[in-house]
Number of protein chains: 2
Amino acid sequence: MSLPDRPLPTLRDVANAAEVSVGTASKVLSGASGVSEARAQRVWDAARRLGYRRNGIAADLRRGRPSSIGFVLPDLTNQFFVDIARALENHALEHGYRLIMAHADEDPAREMERIRFVMSGQVAGMIIIPCRGYEHAIDEVRECNVPLVMADRVDDSFPADTVTTDSHAATFDGTVHLIGLGHKRITFLVNTLDLVNSRERADGYVDAMKRAGLDSYIRVVECGMTAAEIHASTLDVLSNALRPTALFAGGNVTTLGALRAIRDAELRLPEDISLLSFDDAPWMSVLRPYLSSIRQPVEAIGHAIWQLMLKLLNGERNAPVHLSFKAELLVRESTAAAPAVQAVLDGA
Amino acid sequence: MSLPDRPLPTLRDVANAAEVSVGTASKVLSGASGVSEARAQRVWDAARRLGYRRNGIAADLRRGRPSSIGFVLPDLTNQFFVDIARALENHALEHGYRLIMAHADEDPAREMERIRFVMSGQVAGMIIIPCRGYEHAIDEVRECNVPLVMADRVDDSFPADTVTTDSHAATFDGTVHLIGLGHKRITFLVNTLDLVNSRERADGYVDAMKRAGLDSYIRVVECGMTAAEIHASTLDVLSNALRPTALFAGGNVTTLGALRAIRDAELRLPEDISLLSFDDAPWMSVLRPYLSSIRQPVEAIGHAIWQLMLKLLNGERNAPVHLSFKAELLVRESTAAAPAVQAVLDGA
DNA sequence: CTGTTAGCGCCTTCAC
DNA sequence: GTGAAGGCGCTAACAG
């Protein structure tokens, strides 16, 4: 390569070259005031000439206040989390913070390890979307007294700031929509009931069914975290003699798995079966029929998380705040009236 | 909150509590050998008791060798990049490196800014998937003498290690496939020709067309980076009197946009028009027809990038290495024989 | 084996 | 305005 491993110039080098003291150079380069025009210019020149780069890490160390934020998320495969990551990344960088991302891959052990590791990099705050069984992991953060905001897979009982979607309301509404279409045998597909928000989603469905007097039709099936597992479980559901006339998929990935199963079972959407998806995604728009779905306000959520974090960063430590956002039901083409034949067979 | 802002215990605190010197404590806690069982145990105990966390940043500073790797990618919306991110994150953490991600959002100015910012955090190396007009940005990195690996949107002329997919071969093969199906009016949809790899993809198509003597049928249309822009351009292409019988979409996002346009134009896939997608994605499997696509070996690419980075990290600085991976053509249902009627109209 | 010491690159009083 | 000095938390020589 071209250059020998000449070490990067330091603040001292710049100061020497500019013939000022380190203190003065520091003031100039960190944008503080109180230095004469002339010397400031000399410093800038020297810095440019030497190709000086400020060592942000050393500055952090000295200041005792890091400028990185840790962000741990459970699954990069899930568009919803990625969207949040994207929003956070923007907010953070806008405010002069680096975002250190780590992904737990839905594995609690790994999550714990990653949280520790990220925190060893001295972060000013942590934002976490947990995976199941996260309690220990969170303790780590709290013990360190690091500002913490949790999102999505938490409930209001959590002793830290949280931002969530009102899952119960969302699935309640969705289920009402399905019922309004004449469906009775509605099956709710959920990844796992170990997750608070998944539980809430299931509850919303259950409550709506009950309110409609459809108690005996309630079916909640846990079908796993991966598309493959979900595919299998759904196939199972569909092969049942009395198969449901509508499927309510409890999330992004679940929808994908369910869709594959529907395809494999050679069922027509929505003539044979209706499908409602919790979580919206760009690709849903190119499906025929266009998927009906529930859209979480990702941008708003990302923004809220960041606002909460900012407050914490500024030292405002009040009682934990729990923000909840309303999701939007997008009725499109994959949810239609229940098949007439089935209604007859039901003898209802 | 519960605890007052008691500062975190430092190495010295631990050493004091364990009644050993800082040096000894350091050795124990950083896993070095040469400390007696008994004292080591005392140190561990004290550390646990005080809730000590090693300050990795300070350690880096002292060692003069950071343990973070910067990763700048252009678009978190593109599944392909996210997959690479995921792979890199795993490799990095496995080797004790933090991955600092930043996303440029396809904006060169922003990319430059983010590269600078990430680097101000003292990274041991940089991995970059650039957006167009990235040359200046890269100079920044090279001047700092930071190990650099570039991927995807680069060619072999680049003076640093690179990892890419053999785009030319991939689109050449894809085009041959389409031609073999009887298509002549094949249009190649590309985001922008400002990107090397997009250019190569287009070239592969062009060369295949030429070899088949279909020079006069060659149509490459630049349709922009966002799904919306692509949607519009494709709609335009499809409204043409002599519309193509096959569309070759040059990437992930392009495919999505094209699909929307096909849907809006009320064309049947693949009866009216065939579609071949560069880049495979999970959602493609739930489309009817299942999309034919070109799959890049993401895992292999991610792994290769990391291997190159590791070598650089270990001080091996040879001439730049350029790795190229072969993509796989997955023939599925969206590519079929050209419509007979059209063939007649062609008068061929 | 163990303790002491001298910084890593930077910021921040504090005198001048 | 300006420069000198001390130290953030840690590690890597060294002495003992």
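This is a predicted model, so every value here is computed, not measured. So you know, we letter chains A, B, ... as the sequences are listed, proteins then strands, and number each from 1.
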5'-most to 3'-most nt of DNA chain D touching chain B (<4.0 Å, heavy-atom partner on protein side) reads D:dG9 to D:dA12
Side-chain N or O of B:Arg65 versus OP1/OP2 of C:dC8: is the shortest distance under 4.0 Å? no
Before accepting this row, confirm whether a basic side-chain N of the pair [X]/[Y] lies closer than 4.0 Å to the acidic partner's carboxylate O.
X        : Y        : result
A:Glu89  : B:Arg114 : yes
B:Glu106 : B:Arg153 : yes
A:Glu140 : B:Arg53  : yes

Give the ring-plane orientation class for A:Trp306 versus A:Tyr97, where under 30° counts as parallel, over 60° as perpendicular and anything between as tilted. perpendicular
Would you compute the distance between atom CZ of A:Arg317 and atom CG of A:Leu312 and round it to the nearest 0.5 angstrom? 6.0 Å
For B:Gly34, answer base if it contacts any base atom (sugar-phosphate contacts may also be present), sugar-phosphate if it contacts only those atoms, and nothing otherwise; contact means non-hydrogen atoms under 4.0 Å. base
Just checking, is any N or O donor in the side chain of A:Arg54 or A:Ser30 under 3.5 Å from an acceptor N or O on the other one? no
With heavy-atom distances below 4.5 Å as the criterion, would you say the side chains of A:Tyr52 and A:Leu8 are in contact? no
Side-chain donor/acceptor of B:Asp60 to backbone N/O of B:Ser67, under 3.5 Å: yes
Spell out protein contact along nucleotides 9-16 of chain C as letters: B when the base is contacted, S when just the sugar-phosphate is, - when no protein heavy atom is under 4.0 Å; keep the 5' to 3' order. BBBB----
